[in-house]
Amino acid sequence: MRIACVGGGPAGLYFALLLKLRDPQHDITVFERSVHGPPRGLGVVFWGDLLRNLYRADPVSARQIEQVARPWDNQVVDVDGTKVLSTVSRSYGIKRQRLLDILSHRALNLGVHIEYGHEIMAPSELPEVDLIVACDGLNSRIRSETEGLAADISVGNNKYIWLATDKVFESFTWPFVHTDSGWIWGNAYAVGTEYSTFVVECPAKTWAGLGFDGMPPQDCLSLLEKVFEHQLDGHQMIGQISGETNVQWLNFRRLTNEHWYAGQTVLMGDAAHTTHFSIGSGTTLAIGDAISLADNMQRHGDLKTALAAYEKERKAAILQAQIAARCSLQWFENVDRYIDLKPRQFSTVLRRRRSPLLPHLPPRLYYWLWLNPTSHELPAMRRLRKWVAPKIVKVYNRFTRPPE
Ligand SMILES: Cc1cc2nc3c(=O)[nH]c(=O)nc-3n(C[C@H](O)[C@H](O)[C@H](O)COP(=O)(O)OP(=O)(O)OC[C@H]3O[C@@H](n4cnc5c(N)ncnc54)[C@H](O)[C@@H]3O)c2cc1C
């Protein structure tokens, strides 16, 4: 089969290498617009579930990824200098470029063609192929040029910026800083021995109040270094490790698609769906899509049957992450609702931000009912939880209704 993958991010590269691994007869080309790998974002976080799936699908690249990923087992929530340390399940940070280098080398070794510096603006620009895999990210050109996919995009209220720093954070760190214009926060984690990722987020009001609108890139980095001076310990905020400084504030955009394929075109990764970055799952989901599409193409001789099975399987598989991401986005758009909790309570509630119930209960009551270790076993609390539980199920069902 002749296959064109548009986009050489994690989804496109992993799908190409897996399919070629399973059937070397396929003729697969990945078209990537960047000259040498995509520059966006320094690093990403992932959990053991991704590693297990990678080992099952291709142990060779999985081993290399595990070797370069930096693990950690705890997190620090730092509210204006008061730090709460807690143990979390093992997580990993990896430089995005390292991940892409491993995947592209493996793909090239298996016989996949990769055309860097080749932007595809429409399916008509592609050579004749049997399948077009649109893995060109959130702003997918292939998706917008393909009829019948019914994309839906909603825009978040907060501003965010994806930066790096030369400070190597020992723990996953959530700094929250109060400024004269309101709260601003971030999440920072090491992605190797030299750098950490630092994603900064704040409400539009804080962003405007601090004067970020139209601010030159270097001034923006300097101001953020000042805001987060206690966390950075004199280290730098960096727009991009190599190449030009890339300092771009954005609003998160949540994408869903009613259909994931039309004709000979199929969507994968961020071109098909996005989840808020605060749950750190987009890459894991993109790779999950790649595995599922390769599996289904191997399982079903007929392409249409394979695409239908892939869509069904992945829509169901990502539902929980989509719900969690929606709750997490909402949590961060309402930080003021939680920030007055005591630091330990705040830290615990932050970890529970994926709960669909949390927005519907006063945060202190939620904490006392579900999270406080001393009150947890009191009979009165048990009775109260019993009374609240059916209401949770109702809210939960509303969120988890399966797609039509
Ligand atoms: C601030 C932030 C933090 C994040 N943190 C995490 C995290 O910690 N963990 C995690 O798992 N995920 C995280 N993500 C999400 C993650 O980055 C994406 O979900 C993931 O990169 C999706 O992979 P993809 O291959 O589908 O798309 P992308 O990585 O977007 O790759 C698409 C590729 O297509 C190329 N392309 C685009 N248009 C064209 C064209 N017309 N022609 C040719 N090539 C084209 C692009 O250059 C790019 O290389 C984060 C996202 C954000 C915004």
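Just follow the structure's listing: the first ligand is 1, and inside any ligand the first atom is 1.
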(request) May I ask you to identify, for Y189, whether its side chain, its backbone, both or neither come under 4.0 Å of ligand 1 on a heavy-atom basis? (result) side chain
(request) State plainly whether the residues D130 and R2 are in salt-bridge range, i.e. N to O under 4.0 Å. (result) yes
(message) On a heavy-atom basis, which atom in N251 and which in Y160 lie closest, and how many Å separate them?
(response) C-CE2, 3.7 Å
(message) At under 4.0 Å between heavy atoms, is it the side chain or the backbone of H118 that contacts ligand 1, or both, or neither?
(response) backbone
(request) Kindly confirm or rule out an N or O of W162 lying under 3.5 angstrom from an N or O of ligand 1. (result) no
(request) Could you tell me whether R33 and ligand 1 have an N or O pair separated by under 3.5 Å? (result) yes
(request) Using the ring-ring contact (aromatic ring centres under 6.0 Å, His included) rule, pick out the option among F46, W47, Y189 that qualifies with W72. (result) Y189
(request) State, to 0.1 Å, how close R253 and T274 come at their nearest heavy-atom pair, and which atoms those are. (result) O-OG1, 2.8 Å
(request) Answer side chain, backbone, both or neither: which part of A271 comes under 4.0 Å from ligand 1, heavy atoms only. (result) neither
(request) Examine V44 against ligand 1 and note whether any of their N/O atoms are separated by less than 3.5 Å. (result) no
(message) Please work out, at 4.0 Å between heavy atoms, whether the side chain, the backbone, both, or neither of A11 comes within that distance of ligand 1.
(response) both
(request) Looking only at non-hydrogen atoms, find the nearest pair between P356 and I323 and report the distance. (result) CG-CG2, 4.4 Å
(message) Would you say the rings of W183 and F176 are close, in the sense that their centroids are separated by under 6.0 Å?
(response) no
(message) Once you restrict to heavy atoms under 4.0 Å, what part of Y160 touches ligand 1? Side chain, backbone, both or neither.
(response) side chain
(request) Please work out whether any backbone atom (N, CA, C, O) or any side-chain heavy atom from C-beta onward of S140 is under 4.0 Å from ligand 1, and answer side chain, backbone, both or neither. (result) neither
(request) Output yes when K167 and D233 qualify as a salt bridge under the 4.0 Å nitrogen-oxygen rule, no when they do not. (result) yes
(request) Heavy-atom distances under 4.0 Å are what count here, so tell me which part of V6 touches ligand 1: side chain, backbone, both or neither. (result) side chain
(message) Out of D136, V30, L42, who is nearest to atom 39 (C) of ligand 1 when you count heavy atoms only?
(response) D136
(message) Side chain or backbone, does I120 bring an N or O within less than 3.5 Å of an N or O on ligand 1?
(response) yes
